[in-house]
Amino acid sequence: MKRLIFTLSFFFFIGTLTYPQKQFSLLSPNGKLKLSLSVGDKILYSLSHESDVLIAPSALSLTLGSGESWGKDAKIRNTKTQSKTGNIPSPFSKSATVQDDYNELVINFKGDWGLEFRAYNDGLAYRFVSHKKQAFTVQAEEAAFCFPEDFRTYTPYVRDYNENDSHFEKQFHNSFENTYTYTALSGLNPKRLIFLPMLIEAGNNKKICLTEVNLEAYPGMYLKKNDSKAYELNAVYAPYPANAEQGGHNMLQKRVTKREDFIAKASGQREFPWRVAIISTDDKQLAVNDMTYRLASPSRLNDISWIKPGKVAWEWWNDWNLYGVDFKTGVNNDTYKYYIDFASKNGIEYVILDEGWAVNKKADLLQVVPQINLQELVDYGKERNVGIILWAGYWAFDRDMEKVCKHYSEMGVKGFKVDFMDRDDQEMVDFIHRASQTAAKYRLVLDFHGMYKPAGLQRTYPNVLNFEGVHGLEQLKWSPPSVDMVTYDVTVPFIRMIAGQMDYTQGAMRNATQSNYRPVNSEPMSQGTRCRQLGLYVVFESPLNMLCDSPSNYMDEPESLDFIAKIPTVWDESVALNAKVAEYVAVARRKGANWYVGGLTNWTARDMEIDLSFLPEGNYSMTLFRDGINADRAARDYIKETRKLRSGDKLKLHLAPGGGFAAKLEKQ
C-alpha cells in the first residue's frame with residue numbers, strides 16, 4: 001500500500017510542476033498524517049492528522065549573507081520520494097533498538113539547495129540542505145508554526161529576561177531550566193524566548209511537541225510568539241559571537257559582549273538541523289517517543305565497548321554532608337574515600353568530584369587544591385571497581401581541552417561533568433561537538449550540564465551519557481515552596497525527555513509534603529513522597545544516574561538504597577502504561593528478563609490500575625514500594641511488599657498526594 005501511495009504522489013508531483021504555485025503532499029506510512037506543501041513566491045507547509053488541522057499554512061525560508069533567499073521565488077530542479085523501514089541500534093537508551101519507518105520527499109532547487117521532508121506515523125520533520133561548493137554565512141532562518149486555533153501550551157520560557165531587551169541578548173545567556181507555563185497561544189509573552197521542546201494541546205486529545213534534532217555547526221532554535229499573529233510562533237536564533245570574554249560563574253564561562261549580523265557560518269555542502277513536530281493521539285505515546293534518536297546523525301565512534309553507563313555517588317547536592325564519621329567532611333581525600341567505599345559496597349559504578357577540586361577562579365583544570373590527591377583517589381577507586389568523574393567549568397575545559405583529556409585519561413579518570421555553557425549560539429554548539437569528539441578520543445564519558453537539550457547528540461556521540469537542560473532536583477536546595485516540582489515531574493516526561501536523557505539527579509531520602517517543604521541548602525529535601533523518588537529512577541531516562549543524597553542518609557534507609565543501587569540505567573524495552581500530561585505517568589522498562597514499573601502523580605491523590613498484559617506469559621515475583629497510609633502527612637512513609645503475579649493481572653495502587661511507586665518484576 002505504501003508503494004501505491006508513493007506512485008500516485010509521484011505522478012501528482014509531475015503533473016503539477018507546470019503550475020506557478022506547485023502543490024505537494026506526503027503521507028505518513030499509516031496514512032493518517034499528511035503534509036501539504038506549496039512552493040512558489042514563498043514556501044508554505046501545513047500538517048493535518050486524519051481530519052484535524054494541527055499546523056496551518058506556515059512559512060519556511062533561509063536567507064544567506066549574500067542576500068540570496070532559499071524559499072522566496074524558489075525554482076524546482078527535481079523531486080524524489082522514497083520510503084524506509086528499518087531498525088536503529090540504541091545501546092545506551094530506553095530500548096535496545098529504535099524502529100525507523102518513514103516516507104520522504106526531497107525537493108532540489110536551482111541555486112544548489114534543497115529541502116527534505118520526512119513523515120512518520122508520529123510526526124513530521126524537515127530540513128534545509130546545501131549543495132554549494134563554497135562556504136557562506138546564514139543571515140536568518142524563518143521557521144514559523146501557525147496554528148488554526150488558540151491552542152493551549154506547556155511553555156518553557158527562558159527564566160531570566162528583561163522587558164527592554166529587544167534583541168534578547170540577556171535571554172541568550174541561560175541554563176535552559178524552568179518549569180512549564182500552561183497558557184493559551186494568545187496569552188504568551190512575545191518579549192520572552194521559549195526554549196525547546198515545547199508542547200501544544202490540539203483538539204481530540206492530540207498534542208504537538210515542537211523541537212529540533214541534529215543540531216551541529218548552527219545555533220539552537222528558540223521560539224517566540226508572533227507580535228501580530230496571536231496563534232503563530234516564530235523561530236529566533238542567537239547571532240554568531242563577534243567577541244566573548246572570560247567571566248560568569250567563578251570565571252568559568254565566556255560571556256558574549258558583541259555579536260555578528262549573521263547567525264551561522266556554513267561550509268559549502270551540509271545538512272541543517274531538522275525542524276520537528278511530534279504528534280501524539282494519547283499522552284503516553286510521548287513518554288517513550290524515539291523521534292530524536294531516529295533523526296540524529298549516526299554514531300561517529302567505531303568502538304563503544306569502553307563506554308560504561310551506570311550510577312554515580314554524588315556529593316554536591318547533599319553538601320558533602322556525612323555524619324557518624326571521625327573526620328571533617330568536605331573537599332578532601334577522606335571524604336571522597338568514604339564515598340568510594342560506599343559506592344563499592346553497593347555496586348555503584350562511579351563517584352563524582354563536583355566543583356571544588358580544582359583551584360577556584362583560575363579556569364585551570366591542572367591546578368588541583370592541596371586537600372585533594374587525585375591520583376590517590378583514582379587508584380583507590382580502581383582497587384574497588386569505582387570510577388572517578390571530574391566536574392569542569394566549560395571555559396576551563398575548552399581552553400586546554402586536548403591536554404586536560406589526555407592528562408586525566410592517563411591518570412585513570414573515567415569522564416567529565418562539564419558545566420555552565422549557558423548558551424546555544426553556533427560557537428557553543430561547536431564546543432559541544434569538539435568536547436564530545438575529544439573526550440571520545442581519550443575514552444572519556446561526558447555529562448553536559450548548563451546545557452541545551454540533547455538534540456540527537458546522544459546518538460552521534462554515545463560517550464555523552466547524560467545532559468542537564470532540565471529543571472532538576474538541585475533547584476530544591478534554594479527554591480521557595482511556590483516552585484512546584486511535583487507537577488513538573490509529571491510534565492517533563494512528555495516534553496523535555498523527548499529530546500533525550502535527563503540528569504535530573506533524583507534519590508532524595510528527606511521527603512516533604514506540599515505543606516512541609518522548605519529549601520535547605522546543606523540538608524535539602526524533595527517535594528513528594530519517598531516512593532516518588534524511587535519511581536523517578538524508572539520513569540526518567542538517565543544512563544548516567546546520580547544518587548543525590550548523602551551516603552549517611554542512604555545507609556539509614558537500606559531498603560531504598562538497595563532498590564536504587566541495583567536498578568539498571570539503560571534498557572532493552574520501554575512501554576508507557578498510563579499517562580496524562582501534568583497529572584500522572586506510569587512506565588514499564590525491561591532489562592533482560594526482568595521488568596521495572598514506576599509511576600508518579602501530581603499533588604492529587606489517585607488510584608491507579610496497572611494492566612500487566614505487557615509482560616510475557618508466565619509467573620512473576622514482584623517487589624513493590626508503594627506510598628504508606630500516612631504518606632500524605634509524612635512523605636517518607638512507604639510500604640515494601642512482595643507479591644506473586646501473572647501476565648495480564650491488574651495491579652491496583654493508591655498514590656498519595658505527590659506520590660509514586662516503584663516495582664521490580666522477576667520472571668519465575
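What you are looking at is a predicted structure, and each value in this text was computed from that prediction instead of being measured. Residues take their numbers from the sequence shown, with the count starting at 1.
Using a 4.0 Å cut-off between charged side-chain N and carboxylate O, Glu523 and Arg510 make a salt bridge. Taking a cutoff of 4.0 Å between a charged side-chain nitrogen and a carboxylate oxygen, Arg255 and Glu245 do not qualify as a salt bridge. Between Lys265 and Glu260 there is no salt bridge, since none of the side-chain N atoms of the basic residue sits less than 4.0 Å from a carboxylate O of the acidic one.
Judged by the 6.0 Å distance and 45° axis criteria, Arg152 is positioned over the aromatic ring of Tyr182. At least one cation-pi condition fails for Arg275 and Tyr126: the charged atom is not both under 6.0 angstrom from the six-membered ring centre and inside a 45 degree cone around its axis. Geometric assessment of Arg159 against the ring of Tyr157 yields a negative cation-pi assignment under the 6.0 Å and 45° thresholds.
More than 12 non-hydrogen atoms from other residues, nucleotides or ligands lie less than 6.0 angstrom from CZ of Arg127.
Screening Tyr452, Tyr222, Tyr237 for a side-chain hydrogen bond (donor to acceptor under 3.5 Å, both in side chains) with Asp424, the sole residue that qualifies is Tyr222. When each of Leu547, Ile564, Asn318 is checked for a side-chain contact (heavy atoms from CB on, under 4.5 Å) with Met509, only Ile564 meets the rule. Partner of Tyr408 under the ring pair (Phe, Tyr, Trp, His ring centres under 6.0 Å) criterion, chosen from Phe397, Trp357, Trp391: Trp357.
A side-chain donor from one of Asn289 and Asp122 sits under 3.5 Å from a side-chain acceptor of the other. Checked by atom type, the side-chain pair Glu541/Ser93 shows a donor-acceptor distance below 3.5 Å. A donor atom on one side chain and an acceptor atom on the other are not found under 3.5 Å apart for Asp549 and Trp314.
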